[in-house]
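Here is the structure we will look at, set down as structure tokens.
All heavy atoms count here, side chains included; hydrogens, waters and symmetry mates do not. Naming: A, B, ... by sequence-line order, numbering from 1 per chain.
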Protein chains: 2
Amino acid sequence: MKDSLRRFKAEIFQGLAHPTRIAIVEALRIGELPAGRLIDQLELEQANASQHLSVLRAKKIVVNRKVGNQVFYSLRDPVLIDVLDILRRYFSSQLTDTVNMLEEMGPEETARKSATPPKMRRKAGRRARNTTGRT
Amino acid sequence: MKDSLRRFKAEIFQGLAHPTRIAIVEALRIGELPAGRLIDQLELEQANASQHLSVLRAKKIVVNRKVGNQVFYSLRDPVLIDVLDILRRYFSSQLTDTVNMLEEMGPEETARKSATPPKMRRKAGRRARNTTGRT
DNA sequence: TGAAAATATTCTTCAATTCGAATATGCTTG
DNA sequence: CAAGCATATTCGAATTGAAGAATATTTTCA
């Protein structure tokens with residue numbers, strides 16, 4: 001069913017939904033690395049790193065290989081790097097938008113959550129019907 | 001800094017880390033749709049859908065446009081569709097691997113293994129030698 | 001054998017998500 | 001204005017996720 005595919009994708013996203021785990025994936029971009037290397041390269045606590053690695057393993061995002069004392073990790077599929085790269089592009093476009101918006105609304109309101117944009121007061125704003133700035 | 005980019009990516013992933021939200025994004029692949037259309041196309045509860053839409057808005061994954069009574073949603077950037085498509089490929093490769101593994105271990109064990117999917121104590125830890133199908 | 005290195009797991013605590021139900025808001029129309 | 005649609009928000013409960021500390025396991029080496 002379509003639904004299991006969606007659940008699968010959701011699991012992958014969930015696996016990637018943490019900065020530390022993203023850092024790990026990015027670090028593995030160049031190839032396989034032992035856990036210890038990841039730990040001090042990314043300055044993680046050992047236990048914490050191991051937990052995150054465990055998540056990545058559970059979601060099948062990384063695979064590991066034991067060599068003597070240590071455990072080498074690598075990406076299960078380099079396609080994930082493509083995904084991260086795509087998001088980098090996405091990031092800069094979003095950044096541009098955000099900067100513009102921040103400039104428009106000044107520092108006080110800036111801290112608010114963004115679910116509903118600052119409720120445009122319809123007194124001075126005007127700007128025609130398409131206020132959403134869509135592409 | 002690198003770190004805010006990672007946090008950003010993590011947020012996006014988090015935004016996509018739910019089957020319903022993925023379904024929504026996929027439904028928007030063809031273009032903009034009013035919330036109500038999403039709701040009955042995907043058979044969601046109104047409140048629940050609205051919550052998920054709120055998450056997608058907060059993460060800037062969708063944008064909305066109000067037209068009279070209703071609110072039209074659309075993807076903020078079609079690049080996200082690319083991401084989902086990539087994951088579809090990823091999914092089938094992963095699926096292939098699983099099937100191969102099942103075939104390799106024969107029907108009796110297969111039955112036993114699949115009779116025990118309820119995540120037992122250990123998560124995914126054991127997996128000693130190179131079960132890694134790396135390149 | 002025993003100590004040390006590398007990694008994993010468990011426990012506790014706290015924060016964040018998710019859901020359904022109820023309610024609120026905004027628009028349109030009679 | 002009141003009624004009614006379309007959508008959003010809030011609340012409480014249940015579930016899940018994260019961090020740090022402590023402990024366990026496996027492997028190597030003297």
message: Between B:Arg65 and B:Tyr73, is the side chain to side chain donor-acceptor pair (under 3.5 Å) condition met? List the steps.
response: CA-CA 6 Å; B:Arg65 170 172 85 98; B:Tyr73 281 89; over 6 Å; no
query: Given the rule in the salt bridge (Lys or Arg N to Asp or Glu O under 4.0 Å) test, do B:Arg89 and B:Asp85 qualify, once you have shown the distances and angles that lead to the verdict?
result: CA-CA 7 Å; B:Arg89 281 209 292 124; B:Asp85 284 347; over 6 Å; no
Quick test: give all pairs of protein nitrogen or oxygen and nucleotides 10-13 of chain D nitrogen or oxygen below 3.5 Å, distance rounded to 0.1 Å.
residue, atom, partner, partner atom, Å
D:dT10, O4, B:Gln51, OE1, 3.3

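In this structure, the side chains of B:Leu87 and A:Phe8 stay at 4.5 Å or more apart for every pair of heavy atoms. Taking the side chain as every heavy atom from C-beta outward, A:Ile22 and B:Phe13 approach each other to under 4.5 Å. For the pair A:Leu38 and A:Leu44, the minimum side-chain heavy-atom distance is 4.5 Å or more. Side-chain contact between A:Ile24 and A:Leu42: present, with at least one pair of heavy atoms (C-beta onward) separated by less than 4.5 Å.
Across the protein-nucleic acid pair, A:Glu45 atom CD and D:dA22 atom P stand 11 Å apart, rounded to whole Å. Summarising the geometry, the separation between CG on A:Asp40 and C1' on C:dT7 is reported as 13 Å, rounded to the nearest angstrom. Between B:Leu16 atom CG and C:dT18 atom C1' the separation is 17 Å, expressed in whole Å. We find that CD of A:Glu32 is positioned 16 Å from C1' of C:dT7, with the value rounded to whole Å. Across the protein-nucleic acid pair, A:Asn64 atom CG and D:dT25 atom P stand 19 Å apart, rounded to whole Å. One atom, CD of B:Gln70, and another, C1' of D:dC5, lie 10 Å apart when rounded to the nearest Å. Regarding A:Leu53, its CG atom lies at a distance of 13 Å from the P atom of D:dA19, rounded to whole Å. Atom NZ in B:Lys66 sits roughly 9 Å away from atom P in C:dT28 (whole-Å rounding).
Listed pair B:Gln14 / C:dT17 meets the phosphate criterion, a side-chain N or O lying under 4.0 Å from OP1 or OP2. The phosphate of C:dA6 has neither OP1 nor OP2 within less than 4.0 Å of any side-chain N or O from A:Tyr73. Between A:Arg21 and D:dA18 there is a side-chain N or O to OP1 or OP2 distance below 4.0 Å. Checking the phosphate oxygens (OP1, OP2) of D:dA19, a side-chain nitrogen or oxygen of A:His18 falls inside 4.0 Å. One finds a side-chain N or O of A:Arg57 lying less than 4.0 angstrom from the OP1 or OP2 phosphate oxygen of C:dT9.
The two residues A:Lys59 and A:Gly15 make their nearest non-hydrogen contact at CG-CA, 3.9 Å. Heavy atoms only, all atoms of each residue included: B:Pro34 and B:Gln70 are closest at CB-OE1, 3.9 Å.
Residue A:Asn69 has its side chain nearest to D:dT26 when only D:dT26, C:dT7, D:dT7 are considered. Across C:dG26, D:dT28, D:dA8, the shortest atom-to-atom separation from the side chain of B:Ala35 is found for D:dA8. Listed nucleotides D:dG17, D:dA19, C:dA8 differ in distance to A:Asn48; the shortest reach to its side chain belongs to D:dA19. The B:Pro34 side chain lies nearest to D:dT7 when the options are D:dT7, C:dA8, C:dT18.
Judged by atom type and distance alone, B:Gln46 reaches the base of D:dA8 through a side-chain donor-acceptor pair under 3.5 Å.
Where A:His52 and B:Ile39 meet DNA chain D, the nucleotide closest to each residue was compared, and B:Ile39 sits on the side nearer the 5' end.
With hydrophobic clusters built from ILVMFWY side chains whose heavy atoms lie under 4.5 angstrom apart, B:Val55 does not share a cluster with B:Phe72.
Remark: DNA chain C forms stems of 3 or more consecutive Watson-Crick or G-U wobble pairs, all pair distances under 3.5 Å, at C:1-30 with D:1-30.
Partner B:Arg21 forms a side-chain hydrogen bond (donor to acceptor under 3.5 Å, both in side chains) with one of B:Glu26, B:His52, B:Gln14, B:Gln51 and no other, that one being B:His52.
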